[in-house]
Structures are given as structure tokens and as C-alpha cells.
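So the structure is just underneath, and the comments pick up after that.
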Amino acid sequence: MVDTLRINSGRLWGRIDELAQVGAIIGTDGCSRLALTDEDKEGRNLVFTWMEDLGMEIVIDGIGNVIGTWAGNGTDKTLPPVMTGSHIDTVRTGGRFDGNLGVLAGLEVVETLAENNISPFHPIAVGFFTGEEGARFAPDMLGSLVYVGGMSLESALDIEGIDGKRLGDELERIGYRGAAPCPGPVPKAFVELHIEQGPVLEANKTSIGAVDSVQGISWAEITIEGQSNHAGTTPMHMRHDAGFAAAQIAAFVRQLALEVGGDQVGTVGKIDLHPNLVNVVASKAVMTVDLRNTDEELLKNSESRLNEFCLSLSESEHVEITSKPLARFEPVSFAQELIDGVIKVSKSLGLSVQQMTSGAGHDAQMFARICPTSMIFVPSKDGLSHNPAEYTSQEQIMDGANVLLQLLLQLAKEQSG
Ligand code: HGY
Ligand code: MN
Ligand code: MN
């Protein structure tokens, strides 16, 4: 009976659509819910209500992570839960699936078990973790990092956002500064369902990705101090042009990624110039650099090459360049027994599956520090994400959620230990 159990894909699709209306980007299917904004608060409240409707025991911890735990009649509540979940904060140009799918599929699994009166031995927990995107408050995966003890709650609460706001103040303001302790309780296992956000599964016409690792991430904020001057009267050799220096760094990041090749990627996503006026040589530039690689040594090498480039640029352009780390996570490998579990379950459901790495960061990479962890990927149309046009079909979502259902059931049915 359990093996033939399937989720209700219409119900899941409907919840994805309903949550996407919160912070909807007009004219698109996407949404914008930067961490701890009013839109994030509204999204949190909606998912919280759904957890309540499912009779879940809900806790909010000190960094605003929300964990709902469900137990059937035959569940031993003293056992550590099998956990799933993801995030519901988005980037400013967010799609409706990134993160949201993992949380809502977790609720769908619970509802399917409840309505079929199925009681796993272990409780099932579903979490949404604060500020996974890191776009407003860096680093990314912040809530799950604090949950697993990778950053102290105190230092996380003091993080300043890109808008100058203090994280702890924003958490209080939206009413999600909870009392549950950080680090949180260690689950028996953690499995996250997520869209791939890349082109691999679609190109290979594969339904499921059994994720075995997450690549290393290095974020830095680079500040360039030059000298504002008149755009018309200042001879080129007399300029201390922060705008030019920023452009040089952006070009270098692209050149570096192409030179290193392989899995190396590099992105300059944010540049703020001051005074940002047409006829003034910029006195200041504040920019971000996002470097990633599956290989830690190559990533370190890229970081040092960037630092060397900035040093030589500061000398040639007579500007001052400083760099502040925003995020630094080494590559992570997931638990082979769970990776095998994703593969086995996918095949038992008649789905094509391939083992693969993740180019994006995920909450699961934090849980891999404390318990057996893996991820399930479903395809992204045109490999697009962090874009309102992000799309995965209802059928692909259904496939992923059914793999999640069966895998969580297998993990929750066994006795612990
Ligand atoms: O940046 C990332 O990889 C994720 O979207 N937080
Ligand atoms: Mn995500
Ligand atoms: Mn994302």
C-alpha cells in the first residue's frame, strides 16, 4: 500500500501558486520576497497557517527558522524526526519554485500521510530556513547555518543588510524572533527537494537528479576608494576612477572563470557607484564578487588571483581597494546511502535519474554537517532561475515530490540507530 502511495499534485501546484501571489512580480509568474521584508513575513504567515492546519507542532527558533513536526498515531515522538524543507525567501527577481517547492512538497508529503492514516515510526519535520538567499543579509543559507551551529546566533543577529538594516531588528519587526534554541535538534536525516536551477537535467531529458555534492562558494564585497573629479576637465592620466577600476575587476572575474575553465564560475552581480552621476568621475565603488568551483584548491587559487589583480589595479589606478568576505563555504559531499536512496526510489517509480552536483547553494549543505543528507532535483526549463520566468512543469514537480514521499517514508519507517 505504502509503495503505491502518491502525492496530490493538484493540491501542491495550487499551494505553489498561492504562495507565489505573495510578493508577486506583476506580469510574471515570479515573486519578490527578500528575507525579513513585509513580503517575507506574509509568506511565512501563510505557510505557518498551512502547518497549523496539518496539526503540526510548530517551533520558531532564535534566527526565525520555522520547523513544523508531524506525528501519526503510531509515531514514536521521542525519536529524532526525518526532516525535509528549504526556504521561502527569494531574490528580488525570484521564481515561484526556488526554495518554495521544497517546503510545500514537505507539507504535501505530510498531508498525504495524514489522509491515508499512515504512521511512520519517526516524526516528519518540515522546515523553512531564514534568509537562504543571502541577497539581503549575507551569507547565504544563513538560517540553516545557525541551526546546525555553524554561526552563533548573536553574530547572525548583528549582520547588516544591503539596506543598512540589522538582521535582528528586522526579525523582531516581522515577529519571527522565536524562542527555540539555536543550534536546533539533530534530525535522523535531511532530504531537500529543489529545482536544479541549471540546464543539465533538461539537456539529458532526465526526470530526477540525485544530488551528491554542492560546489564551494566564495562571496566578497570589494570597496574601491578613488577621487571624484570633473568628467570634462580632468585629463585621463590624472584620474582616480573608482568606476573604471570596478569595471576592470568585473572583466577580470569573467576572464578568470574562462581561463580556469571546468566548473569555475564568477559573477559580479552588484555594483554601487558614488556619486553615480553622468559628469562625475566616480569617487567610490562598492561591488560583489561571487566565485564558485567544485574543487576547493581551484577556488582558493581563484580567490588569490583576484586579490593579486586588485593589488596591481590599486597601484596602476592610484585607488584604494579593500575586500570583505561575505560568504565562504567549502564544497560539500552528501551521504552515499541517501544518494543511493534517491536513485533507488526514482527507479522504483519508473523515473530516469542521474547523480549530479549542485551549482547553487542550499540549506541541505548545512545539514550535511550534522546528519545524513541528500537532495532531489527536478528540471528547470531552459536552466533558468533567479528569474521570474523560472519554470518546472506540474508533472515534473509531481515526480520529485513522489520521490521525496517514498524516501522520507523509508527513512521514517526504520527504527533509529
Ligand atoms: O546563492 C545561491 O547559490 C543560493 O541561491 N542561495
Ligand atoms: Mn534555493
Ligand atoms: Mn536561490
Side-chain angles (χ1 to χ4, degrees), residues 16 19-20 23 25 30-36 40 43 47 65 84-106 127-146 150-151 159 161-162 190-198 209 211 213-221 263-270 288-294 299 325-332 356-368 373 375-380 383-392 397 400:
I16 288 171
L19 181 53
I25 301 172
C31 38
S32 177
R33 296 196 302 266
L34 282 176
L36 308 186
D40 185 23
V47 178
N65 295 320
T84 186
S86 191
H87 60 96
I88 60 170
D89 66 297
T90 75
V91 293
R92 207 172 267 138
T93 54
R96 59 173 51 195
F97 301 101
D98 177 359
N100 304 309
L101 169 61
V103 178
L104 301 182
F128 59 82
F129 302 97
T130 295
E132 188 278 345
E133 292 294 358
R136 184 184 181 199
F137 298 101
D140 50 352
M141 288 76 71
L142 178 67
S144 45
L145 178 67
V146 174
M151 179 188 276
I159 290 172
I162 57 174
F190 185 88
V191 184
E192 179 174 1
L193 171 62
H194 205 287
I195 52 171
E196 177 203 337
Q197 301 180 285
V211 185
S213 54
V214 178
Q215 69 177 338
I217 301 175
S218 164
W219 285 1
E221 179 185 81
D263 295 327
Q264 181 68 45
V265 288
T267 313
V268 169
K270 186 169 184 288
T288 59
V289 175
D290 176 325
L291 297 173
R292 307 198 196 195
N293 200 308
T294 51
L299 184 56
L326 294 179
R328 184 59 170 94
F329 300 120
E330 293 190 6
V332 168
M356 62 192 292
T357 188
S358 172
H362 296 288
D363 292 308
Q365 75 187 82
M366 300 305 166
F367 277 87
T373 297
M375 292 186 74
I376 303 160
F377 271 175
V378 288
S380 290
L384 205 56
S385 185
H386 285 187
N387 181 310
E390 177 183 280
Y391 181 77
T392 298
I397 296 277

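Counting starts at 1 for both ligands and their atoms, in listed order. Position 1 is the first residue of the sequence, and the numbers go up from there.
- Its N, O or S atom nearest to the Mn ion (ligand 3) is what matters here, and for D98 that atom is OD2.
- Close contacts between ligand 1 and E133 involve ligand atoms 4 (C), 5 (O), 6 (N) [criterion: under 4.0 Å to a heavy atom].
- At least one N, O or S atom of E133 sits under 2.8 Å from the Mn ion (ligand 3).
- R92 places none of its side-chain heavy atoms less than 4.5 Å from the side chain of E133.
- The Mn ion (ligand 2) is the vertex of the angle joining NE2 of H87 and NE2 of H194, which measures 110° to the nearest 10°.
- Residue side and main chain included, H386 places an N/O/S atom under 2.8 Å of the Mn ion (ligand 3).
- Judged by distance alone, with hydrogens and angles left aside, the side-chain atoms of D140 form no donor-acceptor pair with the main-chain N or O of A327 at under 3.5 Å.
- With a cut-off of 2.8 Å, the Mn ion (ligand 2) has no N, O or S atom of E132 in range.
- Here H362 does not reach the Mn ion (ligand 2): none of its N/O/S atoms is less than 2.8 Å from the metal.
- For the residue pair I25 and P388, the shortest heavy atom distance occurs at CD1-CG, 3.9 Å.
- From H362, atom NE2 reaches atom CD of E192 across 6.5 Å, with rounding to the nearest 0.5 Å.
- Near D140, with a cut-off below 4.0 Å to any heavy atom, the atoms of ligand 1 are 1 (O), 2 (C), 6 (N).
- Note on ligand 1: R292 sits in its first shell, one or more heavy atoms being nearer than 4.0 Å.
- E196 and S380 form no side-chain donor-acceptor contact under 3.5 Å, judged by distance and modelled atom types alone.
- Polar contact with ligand 1: absent for A360 (N/O pair, distance under 3.5 Å).
- Remark: distances from the non-hydrogen atoms of F329 to ligand 1 are all 4.0 Å or more.
- By the 4.5 Å heavy-atom criterion applied to side chains, Y391 and L384 are not counted as neighbours.
- With rounding to the nearest 0.5 angstrom, the CZ atom of R292 is 4.5 Å from the CD1 atom of I217.
- Residue contacts with ligand 1, taken as heavy atom pairs separated by less than 4.0 Å, involve E132 via backbone and side-chain atoms alike.
- V146 is listed as a side-chain neighbour of M151, based on a closest heavy-atom distance under 4.5 Å.
- The shortest separation from a heavy atom of Q197 to ligand 1 is not under 4.0 Å, leaving the residue out of contact.
- Between W219 and ligand 1, no pair of N/O atoms sits closer than 3.5 Å.
- Every atom of ligand 1 is numbered from 1 in the order shown, and the set under 4.0 Å from a heavy atom of H386 is 5 (O).
- Remark: the D98 side chain and the H386 side chain contain an N/O donor-acceptor pair separated by less than 3.5 Å.
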